Amino acid sequence: MTTSRRTTIAAVIAVASSIALIATGCSSAPSASSNEKVTLTLATFNNFGYNDALLAQYQTLHPNVTIVQNIAKTSDDAQTNLFTKLAAGSGLGDIEAVDGDWMPKVKQYPDKFVDLASAGNKGRYSDWKTAGGTAGSKLIGLGTDIGPEAICYRADLFKAAGLPTAPADVAKLLTGDWNNYYSVGKTFQAAKTGAAWFDSAGATFQGLANQYQNFFEKDDGTVVAATNPDVKAAFQSVLAASATQSAHLAEWSTDWAGGMAKGAYATMLCPAWMLGVIQGDSPAVKDWNIANVFPNGGGNWGGSYLLVPSQGKHTDAAKAFADWLTAPEQQIQAFTVAGTFPSQVAAYKDPTLTGATNAFFNNAPIGTLYIDRAQAVKITPFKGVNYGSVMSAVQNGLTRVEQGQQNVADSWTQVLSDIKALG
Amino acid sequence: MTTSTLPSKPRSPRRIAFSQTLGRWDIKFSPYLYISPFFLLFAIVGLFPLLYTGYVSLHEWDPIGGQGKFVGFDNFAWVFGQRQFWLALRNTMTIFLLSAVPQIIVAILIAAVLDTNLRAKTFWRMGVLLPYIVMPVAVTLIFSQMFSQDYGFINNLLAHFGMAKIAWHTDVLPSQIAIATMVNFRWTGYNALILLAGMQAIPRDLYESASLDGAGPARRFFSITIPQLRPTLIFVIITATIGGLQIFDEPRLFDTGGLPGGASQQWLTLTVYLYNVGWFQSGKFGHAAAIAWILFLVIVAIGIVNVLITRRIASNEGGHKR
């Protein structure tokens with residue numbers, strides 16, 4: 001609540017531009033020679049695993065460079081910030097992190113970003129990761145991590161329900177399609193441990209959505225979510241299972257985090273970067289473990305890119321830094337900090353990665369495990385400009401049913417009208 | 001001034017005339033100069049954005065691509081055709097009522113208490129202002145933790161006393177009450193202090209003569225304090241109206257998952273809707289600008305209604321007839 005008499009948009013613009021002014025004020029002074037003092041701002045979100053020690057390494061290699069990292073809380077915050085400042089024409093960091101899910105929106109404006117292709121980073125990524133960062137003939141995004149998915153589970157709850165608890169046995173139990181996952185859930189629920197089988201319909205739906213080539217959109221970007229029978233079937237099947245097996249905790253809500261700590265659910269879909277989230281939200285839980293399996297094969301959820309906006313003053317220095325930061329060696333370090341799994345193919349042969357274990361997850365061999373999960377990913381979903389908006393509309397629909405505000409049919413009807421309203 | 005234009009005159013009074021002119025200018029124009037900073041500032045940060053937003057609202061406008069083609073009032077028509085817009089309008093009104101009304105009533109009561117002869121006056125006055133100093137974002141984060149459905153403080157407390165849990169993040173009214181609580185927490189003390197300042201300006205002899213005539217505390221409060229407070233009340237109500245209708249931080253941050261405003265738009269306010277349309281979802285500035293203008297007109301309309309009502313109540317109860 002503010003006492004300002006201006007219209008809100010004026011206030012928003014004023015705030016945005018003043019932030020932009022402050023930000024540009026900090027990073028002016030054009031660079032001429034390579035030895036001149038340069039300050040680079042690196043804008044990321046969540047936890048990329050770029051800790052002070054990693055950044056200090058680059059500053060030791062390049063004494064003239066000072067690095068300032070700005071971290072947004074969520075991917076959504078980072079997205080809003082990026083587009084506001086792209087519109088303002090100033091105020092962006094020298095390097096901006098972009099989530100794969102809204103990368104297509106960013107790729108509409110290739111001339112706002114610097115071409116990052118170099119001899120050094122040729123062949124660094126799998127083809128689909130490179131394609132995700134390419135706009136037209138320009139490589140505007142260098143891949144950081146990917147999100148191959150496994151299943152995280154609570155061994156204590158599995159034990160209470162009389163299910164196997166060793167990771168290999170759990171993996172065997174869950175091998176199969178989604179119906180198999182739900183039928184194990186049924187067995188689990190029958191034991192009445194007091195906990196639910198999975199956290200939310202929303203998260204589970206993400207797992208399904210990432211297993212289709214053209215789920216919401218055709219390759220030319222036309223939105224087909226309303227007519228694609230796969231979408232409706234996924235919506236209905238997830239909600240049918242969630243009626244009895246979900247903890248009904250909307251993802252990322254305070255209750256979802258609380259439920260994780262209190263053992264409200266026994267399993268959750270677990271892209272590599274989720275490990276950091278779980279450890280952060282339920283630090284006292286001793287029984288989390290990871291099963292090397294995923295319903296219906298493999299799936300990738302998330303993963304990001306680094307971009308260099310051309311509005312920056314030191315684009316050359318920023319390009320060199322982004323290239324260094326996304327090289328396999330540095331990404332492996334980031335992985336050991338935050339579990340952000342490398343998208344760089346060379347990293348998969350590195351002993352630091354293959355030998356990596358995670359003490360919090362009962363020494364799960366996360367290196368080899370997630371290499372397996374990455375290799376199980378067979379499909380690269382097409383995500384266009386409208387992917388994020390359509391996903392929000394569908395997620396809202398799932399939440400409405402989970403919270404008991406609507407039945408499945410009514411909620412689906414509203415999803416259709418919300419998708420239509422996107423225009 | 002006219003004399004100075006004739007150069008053929010032998011004794012030119014130009015110098016004197018000019019200083020006289022300056023003197024006249026000084027009297028004529030300098031008052032405008034002195035008050036101009038406000039108007040310049042208003043023109044730059046108030047009027048210009050307002051008009052420019054109006055201009056944007058008549059066009060297709062991409063946040064990054066910029067101005068598109070002129071579409072007239074199509075953007076407004078689009079907004080009026082949206083189910084979410086009407087939900088947002090309803091929510092804005094209910095959250096505004098849930099916050100502004102109790103806020104002002106409680107603020108008057110607090111101010112009345114602070115106006116009496118208390119010990120440690122400054123301490124209490126600073127005390128009521130304390131919530132105002134806290135960042136709204138911090139208030140929201142703390143309160144949304146407290147209002148969590150399954151593990152929140154308030155529901156735990158309710159469960160402790162054997163009452164049913166309330167679906168703070170699911171049901172329409174509870175979620176709006178939760179948001180209104182954050183707004184009230186932050187602004188009640190601030191309004192109380194402004195009202196207190198107004199109360200202190202009321203001549204004390206009015207109270208004295210009223211007590212001599214046998215008026216009790218309640219009678220004195222309603223027949224002297226409230227009517228005398230009228231100008232201050234109008235100010236407080238107008239600012240509370242503007243603020244209440246523009247409420248953004250609290251509903252935006254109430255739930256961090258999904259699209260801001262709730263899965264069924266339970267607490268989607270007009271400003272949050274504007275943000276969703278302009279930035280978060282589709283990036284259509286034309287639509288967002290149209291919403292901003294509609295919001296502006298709503299605020300003006302409610303502001304006028306408020307002024308009329310406030311005038312009426314105060315002069316009826318006040319007993320100072322015109």
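In this text the structure is predicted, and so the values were computed from the model without any measurement. Below, read A as the first sequence line, B as the second, and so on, with proteins coming before strands; counting in each chain starts at 1.
- The contact between A/Phe83 and chain B is made by backbone and side chain atoms together, counting heavy-atom distances below 4.5 Å.
- Heavy-atom minimum distance, B/His169 versus A/Gln403: O-NE2, 3.9 Å.
- For the set A/Ala257, A/Gly258, A/Gly202, the count of heavy-atom pairs under 4.5 angstrom toward chain B peaks at A/Gly258.
- Shortest non-hydrogen contact noted between B/Tyr151 and A/Ala264 is OH-CB, 3.4 Å.
- The structure places NE2 of A/His248 at 11.0 Å from OG1 of B/Thr170, a figure rounded to the nearest 0.5 Å.
- No part of A/Leu398 comes within reach of chain B, as not one of its non-hydrogen atoms sits under 4.5 angstrom from that chain.
- Proximity to chain A (any heavy atom under 4.5 Å) is shown, for B/Ser148, by both the backbone and the side chain.
- Interface check for chain A: of the options B/Gln82, B/Arg83, B/Gln265, the most heavy-atom pairs under 4.5 Å are formed by B/Arg83.
- Heavy atoms of A/Gln414 lying under 4.5 Å from chain B belong exclusively to its side chain.
- Contact between A/Asp255 and B/Asp150 at its shortest, heavy atoms only, is OD1-N, 3.0 Å.
- Between B/Phe147 and A/Thr254 there is no side-chain heavy-atom pair separated by less than 4.5 Å.
- Counting heavy-atom pairs under 4.5 Å between each of B/Gly262, B/Ser144, B/Ser264 and chain A puts B/Ser264 at the top.
- Other residues, nucleotides and ligands contribute more than 12 heavy atoms inside 6.0 Å of the NZ atom of A/Lys138.
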